[in-house]
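Structure, as structure tokens:
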Amino acid sequence: MEIWNSRSLDNNQRFIAAIIAGFVSALVLGLAYGIIYSRLRIVMSVLYIGIGYGVGHAVRKFGRGVHKRFAVVGALMTLLAIMIGDFTAIAGFPGIFRWLITPALWPQVLKTWLIMNLSTNINSLLGLLFRIAGIYFGYTESIVL
């Protein structure tokens with residue numbers, strides 16, 4: 001019966017659980033942000049902090065790790081959620097699936113994403129700072145202190 005007791009998992013099994021929980025939460029939160037942005041067309045960069053917190057909380061809850069590798073998973077999964085959200089915002093919800101199955105579109109969408117994030121106006125700079133803050137929150141919320 002110990003297999004059902006999540007506290008009996010060893011460190012590697014908890015790490016795998018943290019990766020899975022981080023990926024699922026990144027997918028859900030990224031798609032939710034992208035759908036909201038593509039429908040409303042209102043930039044809400046503050047939500048990146050919420051995305052980082054949500055992904056980090058999922059990694060911490062299911063991984064319960066104290067090592068830096070759990071924090072790195074939280075940061076990487078937050079970055080993945082931000083990219084999924086931005087790609088969904090660019091292509092729309094139906095367009096994201098078309099983009100995923102057409103590798104010829106990947107460079108064009110990646111170029112558009114880089115231009116969107118690295119342009120030299122104050123809005124993109126603030127958006128980039130909120131993205132960095134979201135990744136920081138994903139990093140710090142992922143480990144048990």
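Within a 6.0 Å sphere centred on OH of Y136, heavy atoms belonging to other residues, nucleotides or ligands number 12 at most.
With sequence neighbours left out, R69 forms a side chain to side chain donor-acceptor pair (under 3.5 Å) with N12.
In this structure, Y139 OH and L79 CG are separated by 15.0 Å, a value rounded to the nearest 0.5 Å. In this structure, OH in Y37 is found 8.5 Å from CG in D86, a value given to the nearest 0.5 Å. Here the CZ-CG distance, from R131 to L126, works out to 11.0 Å after rounding to the nearest 0.5 Å.
Closest heavy-atom contact between I49 and A133: CG1-CB, 4.0 Å. S45 and G127 get closest at one heavy-atom pair: OG-CA, 3.7 Å. The two residues A18 and G63 have their closest heavy-atom pair at CB-CA, 3.8 Å. Considering all non-hydrogen atoms of both residues, S142 and G74 come closest at OG-CA, 3.1 Å. Nearest heavy atoms, A21 versus A58: CB-O, 3.8 Å.
Side-chain contact between V144 and R60 is present, with at least one heavy-atom pair separated by less than 4.5 Å. At least one side-chain heavy atom of M77 sits under 4.5 Å from a side-chain heavy atom of L80.
Put simply, F62 and F23 are part of two different groups of oily side chains (I, L, V, M, F, W, Y) that touch within less than 4.5 Å, one to the next. Taken together through direct or relayed side-chain contacts under 4.5 Å among Ile, Leu, Val, Met, Phe, Trp and Tyr, Y53 and M83 form parts of separate hydrophobic clusters. Both L27 and I35 belong to a common hydrophobic cluster when Ile, Leu, Val, Met, Phe, Trp and Tyr are linked at side-chain heavy-atom distances under 4.5 angstrom. Taking hydrophobic clusters as Ile, Leu, Val, Met, Phe, Trp and Tyr residues chained together by side-chain heavy-atom distances below 4.5 Å, L129 does not share a cluster with M44. When hydrophobic clusters are built by joining Ile, Leu, Val, Met, Phe, Trp and Tyr residues whose side-chain heavy atoms come closer than 4.5 Å, directly or via intermediates, I84 is grouped together with L29.
F87 pairs with exactly one of L110, L31, I82, T112 by the side-chain contact (heavy atoms from CB on, under 4.5 Å) rule, that one being L110. When each of F130, Y33, F137 is checked for a side-chain contact (heavy atoms from CB on, under 4.5 Å) with I51, only Y33 meets the rule. No option in V55, V59, I20, T78 other than V55 meets the side-chain contact (heavy atoms from CB on, under 4.5 Å) test with S25.
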